[in-house]
Undergrad: 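Have a look at this one.
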Amino acid sequence: MKYNFKEIEPKWQAEWEKSGIFKAVDFDPRPKWYGLVEFPYPSGVGMHVGHIKAYSSVEVIARKRRMQGYNVLFPMGFDSFGLPAENYAIKTNTHPHIITEKNIAHFKDQMEKVGFSFDWSREIATSHKDYYKWTQWIFLKLFEHGLVFRAKTLVNYCPHCKVVLSNEDSQGGKCDICHSDVIQLPKDVWYLRITQYADKLLEGLEHVDYPDSIKQQQVAWIGKSTGAFVNFQLADQDGHAVGDKMEIYTTRCDTLYGVTFMVVAPEHPVLDKYKDQISNWDKITEYRAECAKKTEFERTQLVKDKTGVKVEGLTAINPITGKQIPVFIADYVMMGYGTGAIMAVPAHDQRDYDFAKAFGVEIVQVIKGGDISKEAYTGDGEMINSGFLNGFTNKKDSIARMLEYLKEQGIGHKGVQYKMKDWAFNRQRYWGEPIPLIHCPKCGTVAVLENELPLELPDVDNFEPGTDGQSPLAKIDSFVNCTCPKCGGPAKRETDTMPQWAGSSWYFLRFCDPHNDKAFADRRKLDYWMPVDHYNGGMEHVTRHLLYSRFWHRFLYDINEVGTPEPYAKRTYQGLILGPDGEKMSKSKGNVIDPMDIVDQYGADTLRVYVLFMSDYTAAAPWSDESVRGCKRFLDRVAGLTEIANADKEDPKLESSVHKTIKKVSEDIEKMKFNTAIAALMSLINEFTKAGSITKEDLVTFIKLLSPFAPHLTEEIWQQIGGEGFLTVSAWPEFDEEKTKDAVLNIGVQVNGKVRGNVDLPRDCTRDEAVETAEKDEVISRFLEGKTIVKVIYVPGKILNFVVK
RNA sequence: GCCGCCAUGGCGGAAUGGCAGACGCGCCUGACUCAAAAUCAGGUGGGGGCAACCUCGUGCCGGUUCAAGUCCGGCUGGCGGCACCA
């Protein structure tokens with residue numbers, strides 16, 4: 001057959017679309033299967049090869065599922081709110097809506113040209129008001145349940161983008177969008193109380209099928225630690241108690257006897273409270289200013305050099321020894337974790353040790369071991385200098401005993417801390433979901449009425465964010481001024497918008513019922529389709545999108561809006577495609593491969609086969625143009641199979657190979673070992689070619705197995721050989737286990753563990769027969785000559801090993 | 001620093017503890033061609049041998065085993081995540 005991909009690819013794409021075979025059917029009696037891939041942000045440059053690889057895996061499984069008789073939901077949409085469209089809008093003075101719609105159309109066109117079997121009747125876009133209406137609705141539910149709060153805190157602020165960023169968006173002290181340095185700024189912001197769900201998010205991981213690497217990253221990000229909160233009495237210069245106690249958090253309360261000083265974060269409010277009795281306030285202010293200037297990055301880089309200032313005039317009392325100890329401020333203590341104050345145990349914490357050495361503070365060893373004159377001892381050992389804890393050798397026991405004591409004395413109590421912080425949930429930008437809250441001078445913060453949703457984004461002329469950190473919406477009086485839904489008095493709208501991650505936190509639910517205008521999705525449809533059976537996406541979304549969406553979904557479960565606690569039954573990820581030079585693809589390096597160039601030059605089928613064949617799916621691998629051509633060559637040979645499909649009798653050897661291949665390809669697809677599945681098909685075609693002629697049945701089996709990978713070519717072959725209906729939804733081949741087993745097996749023969757030859761043995765041959773056959777072999781017998789056989793290991797079908805002396 | 005993953009030909013990579021290098025790329029030889037490309041056929045880890053074969057070989061050192069790329073212990077190198085988290 002002539003393989004003209006330019007002609008057949010658009011042809012079948014149109015035929016499939018016309019026939020509606022990719023449409024998911026609600027409540028269909030067939031078993032359901034919901035495959036999901038991360039919907040893209042529709043950037044102006046179009047699809048990246050990474051998108052192709054990310055979608056191709058679930059695409060192949062979805063196509064196989066349809067052939068296996070499943071009712072498949074494989075949807076696609078667009079995560080279309082976000083900064084790049086807005087920045088482009090500022091530059092070109094075009095409305096972000098116009099740019100976004102143009103980009104969506106471009107992306108969709110590209111996806112169709114690759115032949116992805118998405119159900120386009122369920123297409124969604126997060127920036128469409130019939131979608132974000134429900135994003136706002138869920139937000140109001142969160143608000144209603146006390147999971148939304150406003151707080152003035154130090155926030156991660158990007159001076160370039162002029163937005164407040166979540167921790168997740170400012171990892172490493174760099175803005176996730178523009179990569180400039182993030183600074184700390186005190187600001188009033190909205191938070192979602194994700195920390196309240198920390199335990200549920202941890203617990204949920206036990207019931208889902210995620211790779212360990214993903215689970216571990218989520219666990220590390222949540223960062224649960226158990227310890228104790230302990231109160232230290234503050235005192236004046238002479239050790240007389242003053243005012244409040246100061247609370248600290250520690251994981252080693254059993255080292256309390258070794259506490260020789262306290263450190264509080266530079267921003268800690270206790271300082272301002274006792275300002276009058278602090279005699280070196282100037283120095284404190286100076287140090288604070290220094291710290292504020294440092295970026296988070298600088299602050300964490302200077303790990304070795306401990307800086308700080310001793311607070312003069314304010315001291316504390318060690319609650320267990322009764323000794324007066326000094327108080328310092330230092331930026332190695334963070335306001336954002338624990339209580340912003342620590343008890344320092346220099347003998348057993350390297351940071352406290354470094355600080356004590358630099359500031360000449362006493363070091364008291366309370367755990368035996370190490371050499372305290374050189375460094376802190378952080379290992380285990382017998383407790384010493386520790387009163388009632390002396391002699392304890394087990395960390396667990398000494399902590400438990402101390403906790404008991406703290407409780408008895410009312411000094412402290414057991415506690416839990418998380419590294420994960422609450423989710424800063426607002427941006428001072430235009431192109432996002434307006435936050436549906438109203439500030440009323442009388443009633444405080446009031447929710448927009450549900451029947452007024454969606455709270456639409458008003459049109460503006462100027463998308464530039466304000467220099468005062470205000471959203472462009474703040475400049476629109478008609479938007480800002482409103483009446484309070486509670487008291488009817490004049491009020492002002494919140495002008496911040498939601499962060500990029502809002503829309504993607506629940507989109508998989510909307511796909512179950514995308515056109516519903518009464519609810520975010522019909523509960524019966526949710527119960528039919530959810531959970532997502534297989535979700536694939538990038539490793540880079542594991543600490544953000546995955547955590548956020550699990551949080552929203554778990555919340556909706558808790559308020560009985562969805563029926564499953566976890567949204568994704570199974571999650572996988574793909575490895576990066578590197579440039580041909582082995583470097584990460586980037587415009588500046590000029591090593592970017594445009595997938596549409598490959599479609600033009602070799603066809604979509606070649607592109608699809610290549611991205612899955614190039615390496616292990618989860619591994620990063622460089623692009624190779626030569627290997628792409630190799631995949632095209634393979635498909636050319638597949639097209640040529642029609643010429644030799646003329647045998648009228650099945651060759652038993654070939655039949656066995658066909659059945660083995662059905663088994664291999666079927667199993668490998670399930671394990672996402674696409675590279676070996678394709679390799680098995682290449683091997684089979686090599687056998688076909690050698691045989692010179694094959695039956696039509698062999699050809700049909702072959703194109704069915706290849707169909708999920710190269711659907712256009714195989715559909716065309718199917719039509720040309722007179723197949724009925726679409727190959728795409730024909731039955732997946734079955735294999736006969738008997739026929740996958742060879743009657744005669746060639747196995748290796750070892751003498752003392754070294755391979756000395758191989759022999760053909762019948763499958764059911766006994767040990768004695770195997771030994772007899774092997775001993776007749778010329779080469780093997782040479783190695784056995786004059787030796788005594790001590791032991792024979794025979795593993796049928798695998799190996800025969802003679803142990804000789 | 002902590003946690004995790006990985007290391008196999010010239011390259012991408014195969015290999016439930018059982019004949020290392022499947023499959024593809026590249027390269028070499030041959031066929032076709034005036035020639036080249038494309039295509040087809042054959043070969044292709046290193047060393048030795050006319051050959052049958054022999055020998056070395058999965059980052060390094062050791063161990064378990066009849067048998068180790070695979071399991072265990074210790075290194076070295078690379079990747080990813082977290083990171084002054086008390």
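Note on naming: letters A, B, ... go to the chains in the order of the sequence lines (proteins, then strands), and numbering restarts at 1 for each one.
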Undergrad: Counting N and O atoms only, with roles assigned by atom type, does the side chain of Y3(A) sit under 3.5 Å from a partner on the main chain of R637(A), one being a donor and the other an acceptor?
TA: no
Undergrad: Mind calculating the distance between CG (N675(A)) and P (C25(B)) to the nearest angstrom?
TA: 15 Å
Undergrad: Using a cut-off of 4.0 Å on non-hydrogen atoms, how would the nucleic acid contact of E626(A) be classed: base, sugar-phosphate, or nothing?
TA: sugar-phosphate
Undergrad: Nearest whole angstrom, please: distance from the P of G13(B) to the CH2 of W623(A).
TA: 15 Å
Undergrad: Which base sits across from C27(B) as a Watson-Crick or G-U pair, both distances under 3.5 Å?
TA: G43(B)
Undergrad: Looking at every strand, decide which applies to K690(A) at a 4.0 Å heavy-atom threshold: base, sugar-phosphate, or nothing.
TA: sugar-phosphate
Undergrad: Please name the nucleotide paired to C32(B) by Watson-Crick or G-U wobble geometry with both distances under 3.5 Å, or report none.
TA: none
Undergrad: Can you see which heavy atom on K310(A) is nearest to which on P326(A), and at what distance?
TA: CE-CB, 3.6 Å
Undergrad: Which part of the nucleic acid, if any, lies within reach of G223(A) when heavy atoms closer than 4.0 Å are counted: base, sugar-phosphate only, or nothing?
TA: nothing
Undergrad: Y377(A) vs H348(A) aromatic rings, parallel, tilted or perpendicular, using cut-offs 30° and 60°?
TA: perpendicular
Undergrad: Would you classify G9(B) as syn or anti? Syn applies when the glycosidic angle is within 90° of 0.
TA: syn
Undergrad: Return the value, rounded to whole Å, for the distance between atom CG of N686(A) and atom C1' of A41(B).
TA: 12 Å
Undergrad: When we call it a touch if two heavy atoms are under 4.0 Å apart, what does D349(A) touch: a base, just sugar-phosphate, or nothing?
TA: nothing
Undergrad: For D354(A) and C84(B), what is the distance between atoms CG and P respectively, to the nearest whole Å?
TA: 14 Å
Undergrad: Under 30°, 30 to 60°, or over 60°: which ring-plane class applies to Y332(A) and F355(A), parallel, tilted or perpendicular?
TA: tilted
Undergrad: Output the rounded distance in Å from CG (N231(A)) to C1' (A86(B)).
TA: 16 Å
Undergrad: Answer with base, sugar-phosphate or nothing: what part of the nucleic acid does V790(A) contact at a heavy-atom distance below 4.0 Å?
TA: nothing
Undergrad: Let's test your reading of the model: under 3.5 Å, does the base of C19(B) pair with the side chain of K798(A) as donor and acceptor?
TA: no
Undergrad: Measure from CZ on R756(A) to P on U55(B) and round the result to the nearest Å.
TA: 4 Å
Undergrad: From CZ of R608(A) over to P of G24(B), roughly how many Å is that when rounded to an integer?
TA: 21 Å
Undergrad: Can you tell me the distance, in whole Å, between the CZ atom of R633(A) and the C1' atom of C25(B)?
TA: 8 Å
Undergrad: Does a nitrogen or oxygen in the side chain of Y249(A) sit under 4.0 Å from OP1 or OP2 of A86(B)?
TA: no
Undergrad: Classify the nucleic acid contact of S213(A) as base, sugar-phosphate or nothing, counting any heavy atom under 4.0 Å across all strands shown.
TA: nothing
Undergrad: Have a look at D212(A) and say if it touches a base, only the backbone sugar-phosphate, or nothing, with a 4.0 Å heavy-atom cut-off.
TA: nothing
Undergrad: Within the structure, does a side-chain N or O atom of K215(A) lie under 4.0 Å from either OP1 or OP2 of C3(B)?
TA: no
Undergrad: Classify V803(A) by what it touches in the nucleic acid, base, sugar-phosphate, or nothing, heavy-atom distance under 4.0 Å.
TA: sugar-phosphate
